[in-house]
Structures are given as C-alpha cells and as structure tokens.
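None of these values were measured; they are calculated from a predicted model.
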Amino acid sequence: MRLSRYFLPTLKETPAEAQIVSHRLMLRAGMIRQQAAGIYSWLPLGHRVLTNIARIVREEQDAAGCHELLMPTIQPAELWKESGRYEDYGKEMLRIRDRHERELLYGPTNEEMVSDIFRAYVKSYRNLPLMLYHIQWKFRDEVRPRFGVMRGREFLMKDSYSFDLDPAGARQSYNRMFVAYLRTFARMGLKAIPMRADTGPIGGDLSHEFIILAETGESQVFVHRDLVERDILGEAVDYESDLQPLVDSWTSLYAATDEKHDPIAFGALADGQRVEARGIEVGHIFYFGTKYSKPMGVTVQGPDGKPIHPEMGSYGIGVSRLVGAIIEASHDEAGIIWPETVAPFRVGLINLKPGDAGTDALCDDIYAALCSAGTEVLYDDREERAGVKFADMDLIGLPWQVVVGPRGAAAGRAELKRRKGGERHELDRDAVLERLLG
RNA sequence: CGGGGCGUAGCGCAGCCUGGUAGCGCGUCUGCCUUGGGCGCAGAAGGUCGUCGGUUCGAAUCCGGCCGCCCCGACCA
C-alpha cells in the first residue's frame with residue numbers, strides 16, 4: 001500500500017478526551033474516531049488490526065472444534081422474556097421499538113438466541129457435544145464508557161456457546177475453551193493468565209477470567225511466576241484428549257485479581273515466585289449448566305428416549321478491547337509496537353527522497369519483491385520530511401521498517417530497523433529481503 | 001447513578017472575571033526553499049463561539065433551561 005494513496009489521518013497532538021495511552025495512540029495513529037460516548041468508527045489502520053485479531057480468534061476457535069455462525073445484532077424481546085433476563089438485565093440493555101411497536105433490543109450477549117437456534121434443530125443426544133460461536137458487535141449501555149475501545153458501549157466480541165449431555169461433557173467443553181484462550185492470547189504476543197472469577201449476571205458456578213499483563217492495566221493481579229513464564233504455544237494440544245491435567249496445571253498455581261487476592265496464600269510462595277503486576281481482562285469463560293436450557297425448554301432426546309436439558313457454557317473474548325489491550329501491553333514513548341501477528345502491515349518502507357531516481361528505484365524494487373512474496377507493506381512515498389516519516393512510522397508501530405535514502409540507494413543499500421528494540425542494520429537489497437522473507 | 005469539569009477553526013488552547021473588531025500554535029492549501037528524526041520563508045482558506053431562551057442599545061462574555069463530552073467513585077467482554 002502506498003501511503004500517499006492510503007487513508008491514514010495521524011495526529012501530532014493528542015485529543016483532549018483521551019486519558020490512557022492506548023486511547024491516545026489509537027487516536028493519534030488514525031485508527032479510530034469517536035462518534036458518541038463509547039461508540040467508535042474504525043478507520044482503515046484500526047480496522048486491519050481488528051481483522052487480524054478476529055482472524056486469530058477464529059482460527060483457534062475452529063481448531064478447538066467450534067463452528068462459526070453469525071447471529072444478528074438486533075434481537076426480539078420475546079426470547080429474553082423466556083429466560084427471564086429481559087427484566088433482570090436492567091438499563092445496560094438497549095431496548096428499542098420498531099414501527100409496529102414490537103419490542104426489540106440490541107444484543108449484549110447471545111445465550112437466548114443461540115439456545116433458540118439449538119432447540120429448533122438439535123433433537124438427539126447423538127448430536128452432542130456442540131459448540132457454536134460468532135464474532136459480532138454487542139451493545140451494553142455502560143453507565144460510564146471510558147478508556148477508548150477498552151470499555152466502549154458498542155464493542156466487537158467473540159462469544160461461543162457449548163451444549164453437552166452432562167456436566168462431565170460440559171467440563172470438557174469448558175476445558176477446550178480454556179486451552180483455546182491460552183493459545184489465542186499467546187499468539188497475539190500477550191501474557192494471559194486465567195484467574196478464578198465471579199460469574200456475574202450470566203450465572204453459573206465455574207468461571208475464569210483471562211487477564212493479560214500490562215503495566216497500565218486497570219486491576220492489580222498477583223500470580224505465580226511459572227504462569228507468567230510458561231509458553232503454551234510450545235506445547236502440543238490434542239483437543240480430543242482429556243484436557244483436565246493441562247487445565248489443572250494452570251489453575252493449581254496462584255493467580256488472583258485484587259478482589260480475590262489472598263495475601264497469606266500468596267505470601268507462602270517462595271521468594272522469586274511472586275509476581276505482582278497490572279492486568280486487563282480480555283476473556284471470560286462460564287459454565288452455567290441448565291440456566292437457560294431449562295427455562296427456554298431446550299431438550300434433546302436421550303438414549304432412553306427421555307428429554308435431557310443440555311449443560312451449557314459461554315465463552316467471550318473482547319475482540320475490540322484487545323486492540324487497546326495489546327497497545328497497553330506493547331508501546332513506548334514514540335508509539336505503538338505491534339506484535340507481528342496482529343500488525344496492520346508487517347513492513348513500513350520509507351522513501352526518504354521521493355523523486356530521486358536511485359531511491360525511487362530501490363524502493364520500488366523492494367516494495368515489489370515484498371508484495372509478491374505476500375508480505376504486507378506500507379510504503380511511505382509521501383513528499384514529507386524524513387522526521388515526519390520516521391515519527392509516523394514509529395507511531396503506527398509496524399514491526400519492521402526499511403529506510404531507503406539517496407546515499408544508501410546509490411550503493412544499493414537500505415536500513416532495516418526493528419520497531420521493537422530499535423536495532424538497525426544497513427544491508428544490501430538482497431540481505432534486507434532475506435531477513436524479512438527468509 | 002453520586003461528585004467534579006469542559007463545550008470558541010480539523011487538533012490543542014487563549015479570550016469570558018470587568019459585555020462593544022473572534023485570536024494564537026499545530027494541521028490544511030499555494031509558491032519558494034530544504035531533504036537521515038515532526039525544517040525555514042511568504043501568502044491563503046477555514047469559526048451559526050454546543051443549543052434554546054432571557055437581560056441589554058449591544059452577548060463568546062452575564063442569567064436560566066436543554067444537549068453533548070471528559071474525569072473521580074460504585075458496576076462490567
């Protein structure tokens with residue numbers, strides 16, 4: 001992508017409303033535009049990141065055996081009256097009426113609707129277990145939206161729902177999501193720690209929050225060092241196997257947010273094992289049994305011909321929140337530092353002197369080579385001063401920068417800079433490509 | 001939902017107290033210049049001062065209502 005033809009409205013100054021670093025950087029990097037309190041437009045750069053995060057989430061859900069569908073943002077009130085939540089949910093639920101005065105709502109979550117779909121089609125125990133998910137916009141009319149996309153009213157969420165025959169099966173589904181979440185966040189370059197959680201208005205008796213560590217996180221967390229240092233991506237996972245030992249290996253070590261913190265238990269850990277940090281909640285998983293299947297009349301026929309209420313769970317990831325959360329976890333004074341897996345472009349190519357034949361030629365050559373190799377490149381070919389280009393490129397945080405100036409170009413050389421850490425190497429054209437593609 | 005604050009050009013702000021010509025910086029546009037870290041010079045465009053009403057000869061400025069946004073706290077993917 002040539003920057004001269006792209007839509008990237010970066011800002012030199014920070015808009016006044018932004019308090020936290022991710023919000024400031026997202027506004028300055030031209031990723032989002034606020035349209036109302038807690039409601040944002042996603043501009044091209046932000047949209048790319050959002051899409052990349054959703055892609056990783058999707059791949060891991062699919063790998064864990066979930067099936068993607070797509071439910072609407074607007075739901076009929078009737079379903080929520082069946083479960084009893086139409087009254088219970090309170091003012092956080094945005095209620096609307098259509099022209100026929102029918103009661104509708106902008107969905108804050110989808111337990112009722114997925115239960116409706118399930119009960120319409122699934123009639124036999126033979127079809128269980130079943131896990132369905134979608135990635136869809138939600139609306140919760142928060143009293144006080146803040147922190148940019150970290151706590152918006154409209155937000156993009158991945159929500160999965162499991163249906164099982166019995167509690168043991170439900171536990172296995174829960175464990176699948178537990179492991180899938182660990183992998184999902186790890187792939188985004190995040191340290192995510194599962195912590196036992198309250199079940200909140202969703203209900204149920206088994207629940208974990210996934211908290212990622214970030215210096216600017218909202219809540220204080222206390223964790224065993226082994227959890228922080230563990231690399232889940234290095235461990236083979238077979239979703240068909242019993243995942244309980246793997247889950248236990250995570251839940252048996254100390255990890256708590258400040259609300260659930262037990263200073264005595266934490267203090268009992270050996271020196272060097274105690275990690276105190278700040279955290280941001282990016283995922284939450286629940287097992288809630290028949291809380292919805294019973295009132296909504298969801299049954300399948302068992303082997304003995306009798307009806308069985310499926311055991312259910314639901315599993316959420318804040319996809320749009322993750323964009324902010326990743327920035328909170330990965331930035332410096334100059335701007336964002338994207339992990340490669342979610343970066344809007346992998347490489348930023350800076351032409352320091354557009355119009356100079358040698359510089360243009362080398363840039364065009366490198367650009368074409370990277371593009372044809374399938375690497376996403378943002379090519380800064382603007383008529384701007386070097387400082388502007390460096391500042392913008394650092395701000396938007398692409399993992400790699402290739403800097404081509406007239407002096408180097410004359411010798412066929414360019415500078416390769418890694419955004420994270422900042423080390424640079426002057427290399428010839430082939431070596432640059434080798435480093436990036438090899 | 002309690003407490004506090006703010007709405008003046010795309011962004012950041014001054015002007016308001018003490019009523020009388022709407023300003024500054026950045027950004028944008030044009031030209032020149034410059035070209036390895038947000039240069040320099042010259043010119044230009046751009047504002048119903050959130051909104052409705054009141055006071056006044058006259059309101060960005062004083063008074064009241066409404067709307068919007070932000071911050072702190074209680075609550076949440």
Side-chain angles (χ1 to χ4, degrees), chain A residues 9-20 23-24 27-28 30 33-39 53 57 89-93 107-110 135-160 181 185 197-202 207-212 218-219 257 259 280-286 314-325 333-335 350-356 359 380 382-395 401-409 413-415 417 422 424 426:
Chain A
T10 57
L11 301 173
K12 207 165 154 182
E13 290 174 285
T14 302
E17 76 266 17
Q19 282 311 298
I20 63 163
H23 192 194
R24 287 201 297 264
L27 290 168
R28 287 195 52 214
R33 174 175 175 78
Q34 181 169 339
Q35 306 290 172
I39 299 178
I53 290 172
V57 170
Y89 219 93
K91 290 189 165 182
E92 274 204 6
M93 183 152 76
T109 178
N110 283 68
I135 297 174
Q136 177 64 293
W137 293 93
K138 304 292 187 292
F139 194 93
R140 294 184 190 172
D141 200 359
E142 300 278 347
V143 227
R144 191 185 157 208
R146 57 183 137 166
F147 303 144
V149 300
M150 300 264 290
R151 183 165 321 168
R153 289 192 293 170
E154 187 186 55
F155 58 96
L156 189 61
M157 182 164 102
K158 186 287 299 178
D159 39 323
S160 310
Y181 275 33
F185 299 127
D198 288 324
T199 51
I202 306 263
S207 176
H208 286 89
E209 291 177 352
F210 286 75
I211 311 270
I212 62 157
E218 270 190 85
S219 46
T257 57
E259 303 104 57
I280 301 167
E281 182 184 348
V282 291
H284 204 154
I285 61 179
F286 302 89
S314 73
Y315 316 88
I317 290 178
V319 174
S320 50
R321 168 179 285 189
L322 271 167
V323 180
E333 288 298 302
I350 296 179
N351 184 335
L352 285 177
K353 192 165 184 179
D356 176 87
T359 313
D380 191 347
R382 295 175 301 171
E383 303 275 351
E384 289 285 354
R385 295 184 62 80
V388 173
K389 298 188 178 192
F390 289 133
D392 272 345
M393 203 56 86
D394 284 348
L395 174 63
Q401 297 175 12
V402 177
V403 181
V404 179
R407 286 198 302 270
R413 297 172 76 80
E415 183 179 275
K417 173 182 161 185
R424 325 158 173 223
E426 189 172 314

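Within the 4.0 Å cut-off from OP1 or OP2 of B:rC72, at least one side-chain nitrogen or oxygen of A:Arg144 is found. Contact annotation: A:Gln34 reaches the phosphate of B:rC70 (side-chain N/O to OP1 or OP2, under 4.0 Å).
For the P atom pair drawn from B:rA42 and B:rC49, the interatomic distance equals 32 Å after rounding to whole Å. Nucleotides B:rU61 and B:rG15 place their C1' atoms 9 Å apart, quoted to the nearest Å. To the nearest whole angstrom, the two P atoms, one in B:rC6 and one in B:rC63, are 13 Å apart. Rounded to a whole angstrom, the distance from the C1' atom of B:rA22 to that of B:rU30 is 25 Å.
As rounded to whole Å, 17 Å separates atom C1' of B:rC75 from atom CE of A:Met93. One atom, CZ of A:Phe139, and another, C1' of B:rC76, lie 14 Å apart when rounded to the nearest Å. Atom CD1 of A:Ile317 and atom C1' of B:rA77 are 10 Å apart (whole Å). Distance CD (A:Glu142) to C1' (B:rC1): 13 Å, rounded to an integer number of Å. Rounded to whole Å, the distance from CZ on A:Arg146 to C1' on B:rG73 is 8 Å. B:rA74 atom P lies 11 Å from atom CD of A:Glu218, rounded to whole Å. Computed from coordinates, the A:Ile285 CD1 to B:rA77 P distance equals 13 Å when rounded to whole Å. Spacing between atom CZ of A:Arg151 and atom C1' of B:rC69 amounts to 17 Å, rounded to whole angstrom units.
Here the shortest heavy-atom pairing between A:Arg140 and A:Thr109 reads NH2-CB, 3.9 Å.
As judged by a 4.0 angstrom heavy-atom cut-off over every strand, A:Val282 is placed among residues touching the sugar-phosphate backbone only. No contact: A:Gly90 has no heavy atom under 4.0 Å from any strand. Looking at heavy-atom distances under 4.0 Å, A:Ala36 makes contact with sugar-phosphate atoms alone, never a base. When heavy atoms are screened at a 4.0 angstrom cut-off, A:Glu13 is found touching base atoms of the nucleic acid. Residue contacts for A:Lys91: at a heavy-atom cut-off of 4.0 Å it reaches the sugar-phosphate backbone alone, with no base atom in range. Within 4.0 Å of A:Thr14, counting heavy atoms only, lie sugar-phosphate atoms of the nucleic acid but no base atom.
Of the nucleotides present, B:rU30 is the one that pairs with B:rA42 by Watson-Crick or G-U wobble criteria, both distances under 3.5 Å. In this structure B:rC13 sits in a base pair with B:rG23, meeting the Watson-Crick or G-U test at under 3.5 Å. In this structure, B:rU48 makes no Watson-Crick or G-U wobble pair, since no nucleotide meets both defining distances under 3.5 angstrom.
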Practice item. Determine, for nucleotides 27-42 of chain B in 5'-to-3' order, which nucleotides have protein heavy atoms under 4.0 Å from the base (write B), from only the sugar-phosphate (write S), or from neither (write -). Key: S------B-BBBB---

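RNA chain B is contacted by both A:Val149 and A:Gln35; A:Gln35 maps to the nucleotide lying nearer its 5′ end (nearest heavy atom per residue).
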